[in-house]
Novice: 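Quick one: this structure, given as structure tokens, is what I'll be asking you about.
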Amino acid sequence: SLERKGSHFNFQFTDNEYNYFMANARFTEMEKKVLNLRKSEKTIVAIALELNTCESNINKIIKRIKRKIIMCIMFGD
């Protein structure tokens, strides 16, 4: 589920939910990398450093991921 923590969301899914979203949400390769790192509870700063980009770019990618997950939940594949 998308759990609210402060002003941020935690990506806490079952393995089946995670696999479903990875297969059906049409993530880009960068979005998949960010989601995998977020799932492993890396901070936005750590993700930005690892992917050699800025925090604001990671935040934009996370917003796109959330939007795609919500669309996947609402409309299916």
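Residue numbers run from 1 in the order of the sequence given.
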Novice: Could you state the interatomic distance from CZ (Arg64) to OG1 (Thr28), rounded to the nearest 0.5 Å?
Specialist: 6.0 Å
Novice: Supply the atom-to-atom distance Arg67 CZ to Cys72 SG, rounded to the nearest 0.5 angstrom.
Specialist: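 Atom-to-atom, Arg67:CZ and Cys72:SG are 14.5 Å apart.
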Novice: For residues Met22 and Phe13: do they belong to one hydrophobic cluster (side chain heavy atoms under 4.5 Å, members Ile, Leu, Val, Met, Phe, Trp, Tyr)?
Specialist: yes
Novice: Quick one: do Ile73 and Phe21 satisfy side chain to side chain contact (heavy atoms under 4.5 Å, CB included)? Show the steps, please.
Specialist: CA-CA 9 Å; Ile73 291 168; Phe21 294 135; 3.8 Å; yes
Novice: Between Ile44 and Ile62, does the side chain to side chain contact (heavy atoms under 4.5 Å, CB included) criterion hold? Intermediate values first, please.
Specialist: CA-CA 9 Å; Ile44 291 172; Ile62 289 171; 4.0 Å; yes
Novice: Would you say Phe27 and Ile69 make side-chain contact, with heavy atoms under 4.5 Å?
Specialist: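 Yes, close enough: below the 4.5 Å cut-off.
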Novice: Go through the steps to decide whether Lys68 and Ile65 satisfy the test side chain to side chain contact (heavy atoms under 4.5 Å, CB included), and finish with yes or no.
Specialist: CA-CA 5 Å; Lys68 288 181 179 184; Ile65 291 169; 5.9 Å; no
Novice: Does the side chain of Glu31 reach to within under 4.5 Å of the side chain of Leu35, using non-hydrogen atoms?
Specialist: no
Novice: Is there a continuous path of hydrophobic side-chain contacts, each under 4.5 Å between heavy atoms, that joins Leu51 to Val45?
Specialist: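 Not linked; separate clusters.
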Novice: What's the spacing between Asn52 CG and Asn57 CG if we round to 0.5 Å?
Specialist: 11.0 Å
Novice: Between Cys54 and Ala48, which heavy-atom pair has the shortest distance, and what is it?
Specialist: C-CB, 3.8 Å
Novice: So, taking the atom named NZ in Lys63 and the one named CD1 in Ile58, what distance separates them when rounded to the nearest 0.5 Å?
Specialist: 13.0 Å
Novice: For the residue pair Arg38 and Thr43, what are the closest heavy atoms and their distance?
Specialist: NH1-CA, 3.9 Å
Novice: Measuring from atom CE of Met71 to atom CZ of Arg26, what distance do you get when rounded to the nearest 0.5 angstrom?
Specialist: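 So the CE of Met71 and the CZ of Arg26 are separated by 10.5 Å.
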